[in-house]
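What follows is a single structure, written as structure tokens, with notes after it.
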Amino acid sequence: MQKSWWKILGVVLTAYALIGGLLMEVPRLAILNETIRNLYYHVTMWFGMMILLLGSLIYAILYLSTQNEKYDIRAEAYAKAGCLFGVLGIITGMVWATYTWGEPWSGDPKQNGSAIALLIYFAYFILRNSFEDPQQRGRISSVYNIFAFSAMIPLLFILPRLTDSMHPGSGGNPGFNYYDLDSKLRMVFYPAIIGWTLLGVWLASIKIRIQELRLLKDL
């Protein structure tokens, strides 16, 4: 039970975000109206994605410095959990865009950058499967992991700010934290980030245990 407290916390916070996000009162803003509730899902999932992919990056660097295969396993598991949240983030973003921008995919720089960033990470998994030797796979995929994370930052946070974009926080548009992330939103927003992140870590830990059991079986 002591080792599972963070899993329980993740489930509780995620359930709170799902239920509270649908039922609690939210500010009434022009255009957004009730769709602002997607802030609890779309944005918080992407926060979780960034944290998980950062964890994958750290494990990739640890693998390169130690050549310990357990770090390579963790890098892959965290990348998979992060990409899962990334896909869910794009889907919820498309739903949001349908009601606020009039169509699910408008070619907005933020949307395009997000899709490209995820495709880069999908190539990471394909690259891993192209090597039989564990050490070669670990070294090359770790280097690529560093490249993927480095490419994601400008695609998501720099280039959309330099071009015309309808997305909040990009193209000169103010972000939610700039004007309307009030106390009501924060009551769900911050717990949701923690909940989704812990849920992602839990998913990654399951993948890690499976991979480590396979290694023991092969010994």
message: Would you say that more than 12 heavy atoms from the other residues, nucleotides or ligands in this model lie under 6.0 Å from the CD of Glu103, or not?
response: yes

- request: Please identify each residue that fulfils side chain to side chain contact (heavy atoms under 4.5 Å, CB included) with Ala151, with sequence neighbours left out.
  value: Ile120, Phe147

query: To the nearest 0.5 Å, how far apart are CD1 in Ile51 and CZ in Phe47?
result: 8.0 Å

- prompt: Just by modelled atom types, is the Leu18 backbone N or O under 3.5 Å from a matching donor or acceptor in the Tyr41 side chain?
  reply: yes

field: Under 3.5 Å: donor-acceptor pair, side chain of Asp72, backbone of Ala60
entry: no

- prompt: Less than 4.5 Å apart, any side-chain heavy atom of Ser56 and any of Asn145?
  reply: yes

Test item: Gln136 side-chain N/O and Phe131 main-chain N/O as donor-acceptor pair under 3.5 Å: no

- request: Mark yes or no for whether Thr14, through its side chain, and Gly195, through its backbone, hold a donor-acceptor pair below 3.5 Å.
  value: yes

statement: Note: Ala97 and Gln111 closest approach over all heavy atoms is CB-NE2, 4.1 Å

query: What closest approach, in Å, do Gly138 and Tyr63 show between heavy atoms, and which atom pair accounts for it?
result: C-CE2, 3.2 Å

- prompt: Is the side chain of Arg128 donor-acceptor paired with the backbone N or O of Tyr124 at a distance under 3.5 Å, no angle test?
  reply: no

task: Before giving the answer on salt bridge (charged side-chain N to carboxylate O under 4.0 Å, His left out), spell out for Arg74 and Glu212 the whole-Å C-alpha distance, their side-chain angles and the decisive distance to 0.1 Å.
output: CA-CA 10 Å; Arg74 282 161 173 74; Glu212 289 179 341; 2.9 Å; yes

- prompt: Can you check side-chain contact (heavy atoms from CB on, under 4.5 Å) on Arg137 and Glu69, steps first, answer last?
  reply: CA-CA 10 Å; Arg137 178 176 62 236; Glu69 193 170 356; 4.2 Å; yes

- prompt: With a 4.5 Å limit on heavy-atom distance, are the side chains of Leu156 and Met50 in contact?
  reply: yes

Note, Ile194 side chain near Trp6 side chain (heavy atom, < 4.5 Å): no

message: Hydrophobic clustering (ILVMFWY, side-chain heavy atoms < 4.5 Å, transitive) - are Trp5 and Ile206 grouped together?
response: yes

query: Any sub-3.5 Å donor-acceptor pair from His42's side-chain atoms to Thr92's backbone N or O?
result: no

- prompt: Is it true that a side-chain atom of Arg37 and a backbone atom of Gly21 form a donor plus acceptor pair closer than 3.5 Å?
  reply: yes

message: Is any side-chain heavy atom of Asn68 closer than 4.5 Å to one of Leu62?
response: no

- request: Any chance you could measure Ser114, atom OG, to Leu119, atom CG, to the nearest 0.5 Å?
  value: 11.0 Å

- request: Would you mind reporting whether Ile58 and Tyr71 have side-chain heavy atoms less than 4.5 Å apart?
  value: no

- prompt: Can you tell if the side chain of Arg139 reaches within under 4.5 Å of the side chain of Tyr144, non-hydrogen atoms only?
  reply: no

field: Residues Tyr99, Asn38; criterion side-chain contact (heavy atoms from CB on, under 4.5 Å); working and verdict
entry: CA-CA 11 Å; Tyr99 289 96; Asn38 207 357; over 6 Å; no

- prompt: Side chains of Trp105 and Asn112: does their closest heavy-atom pair fall under 4.5 Å?
  reply: yes

field: Intermediate values then yes/no, side-chain contact (heavy atoms from CB on, under 4.5 Å), Lys110 and Phe157
entry: CA-CA 8 Å; Lys110 192 83 166 188; Phe157 302 109; 4.3 Å; yes

- prompt: Do other residues, nucleotides or ligands put more than 12 heavy atoms under 6.0 Å from Tyr16 OH?
  reply: yes

query: Taking C-beta and beyond as the side chain, do Trp46 and Ile90 meet within less than 4.5 Å on heavy atoms?
result: yes

Could you pull out every donor-acceptor pair under 3.5 Å between side chains of residues 77-86 and any protein atom, sequence neighbours left out?
from  : atom 1 : to    : atom 2 : distance (Å)
Lys80 : NZ     : Glu76 : OE2    : 3.4

task: Working to the nearest 0.5 Å, report the span between OG of Ser141 and CG of Asn129.
output: 10.0 Å

- request: Walk me through it: do Trp202 and Val11 pass the test side-chain contact (heavy atoms from CB on, under 4.5 Å)?
  value: CA-CA 10 Å; Trp202 189 2; Val11 171; 3.4 Å; yes

query: Under 3.5 Å, is there a donor-acceptor pair between the Trp196 and Thr44 side chains?
result: yes

field: Approximate separation, where rounding is to 0.5 Å, of Lys7 NZ and Leu203 CG
entry: 11.0 Å

field: Gap between atom CE of Met152 and atom CG of Leu54 - 0.5 Å precision
entry: 8.5 Å

statement: When every non-hydrogen atom of Trp96 is compared with those of Ile36, the smallest separation belongs to CZ2-CA, 4.0 Å

- request: Rounded to the nearest 0.5 Å, what's the gap from OG1 on Thr197 to CG on Leu13? Could you check?
  value: 10.0 Å

